[in-house]
Visitor: 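Pasting a structure here, questions to come.
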There are 2 protein chains.
Amino acid sequence: MSIDKFDKEILRRLQKDGKKQNKDLADEIGLSQSPCSRRVKHLEDTNIIREYVALVEPAAVGFPISIYANVALDKQTKESVKHFEDAIMNYPEVMECYLVTGKYDYILRIVAQSIDSYQTFLMDKLTLIEGVKNIQTTITMKPVKYSTSIPL
Amino acid sequence: MSIDKFDKEILRRLQKDGKKQNKDLADEIGLSQSPCSRRVKHLEDTNIIREYVALVEPAAVGFPISIYANVALDKQTKESVKHFEDAIMNYPEVMECYLVTGKYDYILRIVAQSIDSYQTFLMDKLTLIEGVKNIQTTITMKPVKYSTSIPL
DNA sequence: ACTGAAATGGCGCGACC
DNA sequence: GGTCGCGCCATTTCAGT
């Protein structure tokens, strides 16, 4: 179940092109098709490859705004934390959420169609979650880099 | 060039499964195969679909640490900004980088194999970029949510 | 046991309506 | 936007080392 050299090469390439043909992949890493295919299948089955997705340009589909929100909770009890995280999971605008150290409890990246619609999200959803004490918003002005590739 | 109902349905599905077969996609949205395929191709050609990728579980390949770094520059001149952004583009550990408002200039999400290797990255790379004045690091303790799907 | 080779079935793709 | 047909690739099975 350890990741060897071949697996790393496979992952490196599939992270760049999720639709790369098995034939080409096999050629590139220097294996024939069936062992290559088996390795890919194994990486999928063990959830090392979580999923294959199409990445959509947010601005092109009407979501030009990305916002970071730092969220502090009243208390960090198991129930309080679970309630917050469950709520977050149901909000598709929340693209990322991490539990963090420091004076806030969570960092969220939220996408929105406009600053107004973010305001609405804030008022109607985020601030209404039980246990949320304080939210600090950071507006992004420009995306500089967005990568999904782990640097193997 | 406007995104209609069909295109939205296509994007919604390909964001969830980038390898969904055209045949199935066509069935689901209620079109036959070739118009469906033509639409997908158009979305690709206009870069509304940026790319297809495999998402890899970071912890499973030895990158369990995600860190947010807030970076302030000495000055925000065109040259200074360009120099920083160029440097960032060459660091594969930097998964995301946004230009932001507020007392810092950039927010970065960085992946690392350990806190130590992040320290090394900080010392040997980030702080050495010309024009970087100040960096504030926020360690993440747990990923709660990570989505790449724009909520169409 | 894991790799490499061959055959079969299905899908994507492009021409045309 | 739909229909049809060709070619290519994924998959599975089998033999070899």
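Below, chains carry the letters A, B, ... as their sequence lines are ordered, and counting in each starts from 1. Keep in mind that this is a model prediction, so the values were computed, not measured.
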Visitor: Does B:Val144 belong to the same Ile/Leu/Val/Met/Phe/Trp/Tyr cluster as A:Tyr98, with side-chain heavy atoms less than 4.5 Å apart forming each link?
Guide: no
Visitor: Kindly say whether A:Leu55 contributes a backbone atom to a donor-acceptor pair with the side chain of B:Thr148 at under 3.5 angstrom?
Guide: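 Answer holds: no.
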Visitor: Kindly work out whether a path of hydrophobic side-chain contacts (I/L/V/M/F/W/Y, heavy atoms less than 4.5 Å apart) joins B:Val111 to A:Ile3.
Guide: yes
Visitor: Which residues in residues 15-38 of chain A have a heavy atom closer than 4.0 Å to any atom of DNA chain C?
Guide: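 The answer is A:Leu31, A:Ser32, A:Ser34, A:Pro35, A:Arg38.
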Visitor: Against B:Leu14, only a single residue in B:Asp17, B:Ile10, B:Leu11 fulfils side-chain contact (heavy atoms from CB on, under 4.5 Å); can you say which?
Guide: B:Ile10
Visitor: Do B:Thr140 side-chain atoms and B:Ser66 backbone N/O form a donor-acceptor pair below 3.5 Å?
Guide: yes
Visitor: Give the rounded distance in Å between these two atoms: NZ of B:Lys5 and P of D:dG1.
Guide: 15 Å
